[in-house]
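Working notes for the structure below.
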Amino acid sequence: MGCAISGLGLAPRQTTEPKSEEDAVAHLTGDQIDMIKDSWKVIQEDIAKVGIIMFVRLFETHPECKDVFFLFRDVEDLERLRTSRELRAHGLRVMSFIEKTVARLDQLERLEHLALELGKSHYRYNAPPKYYGYVGAEFICAVQPILKDQWTPELEEAWKSLFQYVTGIMKRGYQEEERTRRHHVVVSAKERPDKKNTAL
């Protein structure tokens, strides 16, 4: 549907790809970080538009993702989604996260904390990691027309690396929250007194 990487997640096909998500940002050069920051200045002028396009495309290319969003689960009409205030609000929240990510490219500890907490909150929303990469791919498709001639294969690779890094940390946050909740349930079950022993 227009974008060559649509639906492919963010798995770069180069043989020089980083070995792990954490390596992805460490692998970003100063020039790539500058390219991301410069492109963000243009993207943020159409931030709401990009957010809507990104999610409409996500639901179009991966309709199963709608199941995570109870407000959009039963909406079949993509045109109705384009005008949805709720979708616009969610798109803006995601774009705000991307904005914070770009702002923290020089502060990786703060960026990691931000992405880790987002992953934990996605566990609470029951939004599994298998969908995270799709959002990055659709973001890239949504910004290409906005950036026009500024879009290059090098810029695309920089954004892919950034999303690979962030989604990797989000997955880790999701898994940490999942383990914490499971541990809490197990501990709670063990600490619960036996009903037979509570009677006097």
Side-chain angles (χ1 to χ4, degrees), residues 3-14 16-29 32-33 35-37 39-40 43 47 50-69 87 90-144 153-181:
C3 183
I5 64 168
S6 178
L8 298 178
L10 288 173
R13 287 178 261 179
Q14 279 87 16
T16 59
E17 112 183 36
K19 290 182 172 59
S20 73
E21 286 85 3
E22 285 77 10
D23 291 342
V25 163
H27 188 72
L28 283 176
T29 66
Q32 287 176 312
I33 290 171
M35 283 192 299
I36 289 172
K37 288 180 176 183
S39 66
W40 181 255
I43 294 165
I47 200 166
V50 172
I52 291 169
I53 291 170
M54 180 174 58
F55 276 97
V56 169
R57 284 189 54 82
L58 176 69
F59 296 151
E60 190 175 50
T61 57
H62 301 284
E64 70 277 11
C65 292
K66 283 197 309 184
D67 292 341
V68 175
F69 299 88
L87 185 64
H90 187 72
L92 283 170
R93 280 192 298 276
V94 172
M95 294 302 288
S96 173
F97 172 79
I98 296 170
E99 182 172 43
K100 290 174 186 172
T101 297
V102 171
R104 287 169 173 79
L105 279 173
D106 300 317
Q107 306 161 354
L108 292 184
E109 192 173 299
R110 289 184 66 208
L111 174 54
E112 184 171 336
H113 178 73
L114 180 73
L116 200 64
E117 290 305 311
L118 186 63
K120 289 177 181 182
S121 70
H122 275 64
Y123 176 81
R124 294 187 291 270
Y125 299 138
N126 198 27
K130 64 182 178 180
Y131 300 131
Y132 301 168
Y134 299 155
V135 175
E138 298 308 337
F139 169 84
I140 287 171
C141 289
V143 300
Q144 284 178 350
E154 294 80 17
L155 180 59
E156 181 172 333
E157 194 56 41
W159 276 107
K160 281 182 180 181
S161 293
L162 178 58
F163 274 104
Q164 181 184 10
Y165 173 72
V166 169
T167 57
I169 294 171
M170 285 178 64
K171 288 175 187 177
R172 201 175 52 186
Y174 182 96
Q175 292 162 347
E176 282 180 20
E177 187 69 11
E178 186 176 40
R179 280 191 299 274
T180 299
R181 298 289 175 120

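Residue indices begin at 1 and follow the sequence shown.
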Quiz item: Is there a donor-acceptor pair closer than 3.5 Å between any side-chain N or O of H62 and the backbone N or O of L58?
Solution: no
Quiz item: Side chains of V50 and F139: does their closest heavy-atom pair fall under 4.5 Å?
Solution: yes
Quiz item: Hey, what do you get for NZ (K130) to CD (E64), rounding to the nearest 0.5 Å?
Solution: 7.0 Å
Quiz item: Does the side chain of S121 reach to within under 4.5 Å of the side chain of R124, using non-hydrogen atoms?
Solution: yes
Exercise. Find out whether E117 and H122 are in side-chain contact, i.e. whether some heavy atom of one side chain is under 4.5 Å from a heavy atom of the other.
Key: no
Quiz item: Does F69 have its ring centroid less than 6.0 Å away from the ring centroid of F59?
Solution: yes
Quiz item: Which distance, rounded to the nearest 0.5 Å, do you find between the CD of E157 and the OG1 of T29?
Solution: 11.0 Å
Quiz item: Just wondering, do L118 and I169 contact through their side chains at under 4.5 Å, heavy atoms?
Solution: no
Quiz item: Run the side chain to side chain contact (heavy atoms under 4.5 Å, CB included) check on M170 and L116 step by step: do they pass?
Solution: CA-CA 5 Å; M170 285 178 64; L116 200 64; over 6 Å; no
Quiz prompt | side-chain contact (heavy atoms from CB on, under 4.5 Å) involving E109 - partner list, sequence neighbours excluded | solution = none
Exercise. Determine the interplanar angle of the Y123 and Y174 rings, folded into 0 to 90°, and report it as parallel if under 30°, tilted if 30 to 60°, perpendicular if over 60°.
Key: perpendicular
Practice problem: Locate the shortest heavy-atom distance separating A158 from I36; write the atom from each residue and the value. | Solution: O-CD1, 3.6 Å
Quiz item: Taking all atoms of both residues into account, what is the closest heavy-atom pair of E138 and R57, and its distance?
Solution: OE1-NE, 2.8 Å
Quiz item: Taking side chain as C-beta onward, heavy atoms only, is V166 less than 4.5 Å from L162?
Solution: yes
Quiz item: Under 3.5 Å, is there a donor-acceptor pair between the S161 and Q32 side chains?
Solution: no
Practice problem: To the nearest 0.5 angstrom, please state how far the OG1 atom of T180 sits from the CD atom of Q175. | Solution: 11.5 Å
Exercise. Please test K120 against E178 for salt bridge (charged side-chain N to carboxylate O under 4.0 Å, His left out), starting from the C-alpha separation and ending with a verdict.
Key: CA-CA 8 Å; K120 289 177 181 182; E178 186 176 40; over 6 Å; no
Practice problem: Indicate the ring-plane relationship of W159 and W40, choosing parallel, tilted or perpendicular according to the 30° and 60° boundaries. | Solution: tilted
Atom pairs and distances, side-chain donor-acceptor, residues 91-103, under 3.5 Å, sequence neighbours left out:
unit_1 : atom_1 : unit_2 : atom_2 : d
R93    : NH2    : H90    : ND1    : 3.2
T101   : OG1    : F97    : O      : 2.9

Quiz item: With a 4.0 Å cut-off, would you call E176 and K171 a salt bridge?
Solution: no
Exercise. Taking all heavy atoms of T167 and all of G133, pick out the closest pair and write down the distance.
Key: CG2-N, 4.2 Å
Quiz item: Would you call the rings of Y134 and Y131 parallel, tilted or perpendicular if under 30° counts as parallel and over 60° as perpendicular?
Solution: tilted
Self-check item: Nearest heavy-atom neighbours spanning E156 and I140
Solution: CG-CG2, 4.2 Å
